[in-house]
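The structure appears right after this line, and notes come after that.
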Amino acid sequence: MRLTLGGVALLYPFILYFFRDNFPPLYLLYGLLALLFVRAIAPFILSPKTPKTSLQKNTLVLTSSVTSIILILSFFQGGSAALYYPVIMGLTMGSAFTLSLFFPPSLIERLARLQDPALPPTAVSYTKKVTKIWVGFSLLNAAVSYGTIIYGNIEVWTLYNGLISYILMGFLLGGEFLFRPFYKKNQHKKAFKTFTSLSHFHKKGIKEWDTYWYSQEPFCQNYPAYIATLTHHLNHSKAKRVFLISEDRAHFLAGLIATLQTGKVLVLPSTHKPDLLKSLLKKGDIILSDQKDLSTLDWPLIALNKITLLETPSNFRDINPKEAIVTFYTSGSSGTPKPINKCLSQLEDEVQELQKTWPLISNQNTTLLSTVPHHHLYGLLFSLLWPVSASVSIGRQTVSHWDEFKENESFSTKIQKNILISSPAHLKRFPEGFTHPFQQVFSSGGPLLHKNIQNSLQALGVLPTEVYGSTETGGIAYRQQTEENTPWTCFPTIRLGVDEDSNLKVASPYIETTDQKEGFFQTADRITLLNKAQFSLQGRSDRVIKIEGKRLSLIELESKLQNLNGVQEAFTLLITSEIRHEIGAIIVLTPQGSHDLKTLGKVAYVRQLRLELRSYFDLVTLPRRWRFVDQIPENAQGKRPLSLLSPLFEKEAA
């Protein structure tokens, strides 16, 4: 039906020409418009409760507009109004293209997203330019069509509107199709013109480093000397592993480069909690940090903020990216932090893939800001290594609250071109009335609900690009939710698979070969595989969860709980509601613990337990709901299903 009507609409000039003596031209036009209108309104009548796509809505508006104009015109022009159909269509299309520029996304961008749902800013800019070209063509075509009416020759009118205009349209489509690869190639060349691999950071000069910090601090003014001084101190240390801990990206990056220069293993702990660090540190380790609270650890430490620059720093050496090792720590299923080793070449490859997918162009008006820390893989790659490789300036400090964007003047200058690295924990909550536009926004740490996407679009002026991955796998896939539950598209370097339980398997160059069986890394994420490159997530199948964007092992949490004085046994679970996700803790106490609970009262006793846990876990991951029982419910098989545990939390929270 659609093809038949489309063909009739395209052939309308010839139909009118050949049948004008048999039927009044205006009747032919009325018939065509009636068929088009019925097709446009049919989905709304036949399936009134089914959500309508933007294409269906726009088709109805366009058809209604053209029909209304023709009816009005026929009242004044009579039968000659039939000749105005191509003119009106040209003007209508030109208006539609124009309006889409003022109310984005543009029509060409919408078409482009059918092929690539997560367009980079350079592609969005390109689609706007193409849309403007179509505005000009549509209006010019309408003007020429009107000229054929004024000329008064039906053969000329038919030839132009039924053939020549379509040939010109084809040339425009074909020309843009042929030009697009050259544009992409030019953008790729431009993006990598000032790109520097991670293993070559040490070769940057003083002026090149000025691009990033815009700071008058002495160590920033002579950044290569600062890196060289740190390298000198580390070379004179017998340590084999360096724990790098700093919230300042300038200090952190210098420590990273200096450590890799020495050939020592760089360790990035998941949190900076002193008690957690004590459990990770080994003899022969050294801490490189600017954090005051770490001085109480009684451990070898080089203070990043108390370095006196050497007058004659030693020369840098080349870094072998395949031998340089970075160790991340993430929650393991065994209940203890799990080390994940990455060689520098893997990080380099992933950064280059990010630059290919979303080219960052060096620009004095662009600054990359972040609400996520840089000691996790996502924050390290997106908020530090990628922009520095692409010569884009960055914010040194992680932004904790949205209000900081309003309070800090440096964030608000030419803000339209700034880029934000964020997470669901931040994008779920905006202050009332908050608006602060960005060029591009990234999010990782868990899927965003569609309502969060819409709130982000309203507050930040752009759809967030969600990135799915893990410390073990690196980046796996990405998406922009132009529609609810938009599928994930994997990066070109990734191969997907599923096991018999529909759990995702990943083959990736960013994963250690020892962690892959038969070429794949097994994850605990259940998926529906749509094709070789796209899938939809169906949730996790293990007990490592994400809460407020933070990864948490419930086994690890239970292990720490059971080590606390007064706790005999503990079990934790994720409690979900429309408002928030919370951790619930079911506790069996020792006799002493029961005595303390009665003496202090539940509120004070829970506060004490939470205080002890804060040395190991981030505040947002601590249990909010507490139940003290004589025995944790179990079924006949000795298992603890949610059907037995969830009723404990149906009462009002403590």
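The structure displayed is predicted, hence computed values, not measured ones. Heavy atoms only: backbone and side chains are in, while hydrogens, waters and symmetry mates are out.
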For [X] and [Y], does a side-chain donor sit closer than 3.5 Å to a side-chain acceptor?
{"X": "S389", "Y": "T196", "result": "no"}
{"X": "Q480", "Y": "T465", "result": "yes"}
{"X": "T367", "Y": "S393", "result": "yes"}
{"X": "K204", "Y": "Y212", "result": "yes"}
{"X": "E466", "Y": "S443", "result": "no"}
{"X": "S536", "Y": "Q538", "result": "yes"}
{"X": "T398", "Y": "R249", "result": "yes"}
{"X": "N341", "Y": "E512", "result": "no"}
{"X": "N235", "Y": "T262", "result": "no"}
{"X": "S279", "Y": "Y616", "result": "no"}

NZ/NE/NH1/NH2 to OD/OE distance under 4.0 Å, E217 and R396: yes
Carboxylate-amine/guanidinium contact K203 D318, below 4.0 Å: yes
Distance-only, no hydrogens or angles: does the [X] side chain make a donor-acceptor pair with backbone N or O of [Y] under 3.5 Å?
{"X": "K342", "Y": "T471", "value": "yes"}
{"X": "E348", "Y": "L198", "value": "yes"}
{"X": "T523", "Y": "L504", "value": "yes"}
{"X": "T194", "Y": "S391", "value": "no"}
{"X": "D248", "Y": "A250", "value": "yes"}
{"X": "E208", "Y": "G205", "value": "yes"}
{"X": "T229", "Y": "L310", "value": "yes"}
{"X": "S289", "Y": "I245", "value": "yes"}
{"X": "Q346", "Y": "C343", "value": "yes"}

For the aromatic rings, using the six-membered ring if either is Trp, is the centroid distance between [X] and [Y] under 6.0 Å?
{"X": "Y468", "Y": "F535", "answer": "yes"}
{"X": "F252", "Y": "H374", "answer": "yes"}
{"X": "W402", "Y": "F430", "answer": "yes"}
{"X": "F442", "Y": "W358", "answer": "yes"}
{"X": "F195", "Y": "W386", "answer": "no"}

Determine whether more than 12 heavy atoms belonging to other residues, nucleotides or ligands lie under 6.0 Å from atom CG of D298. no
Using the salt bridge (Lys or Arg N to Asp or Glu O under 4.0 Å) criterion, which residues pair with R614? Sequence neighbours excluded. none
Minimum heavy-atom distance between L448 and P464, given as atom pair plus value: CD1-CB, 4.3 Å
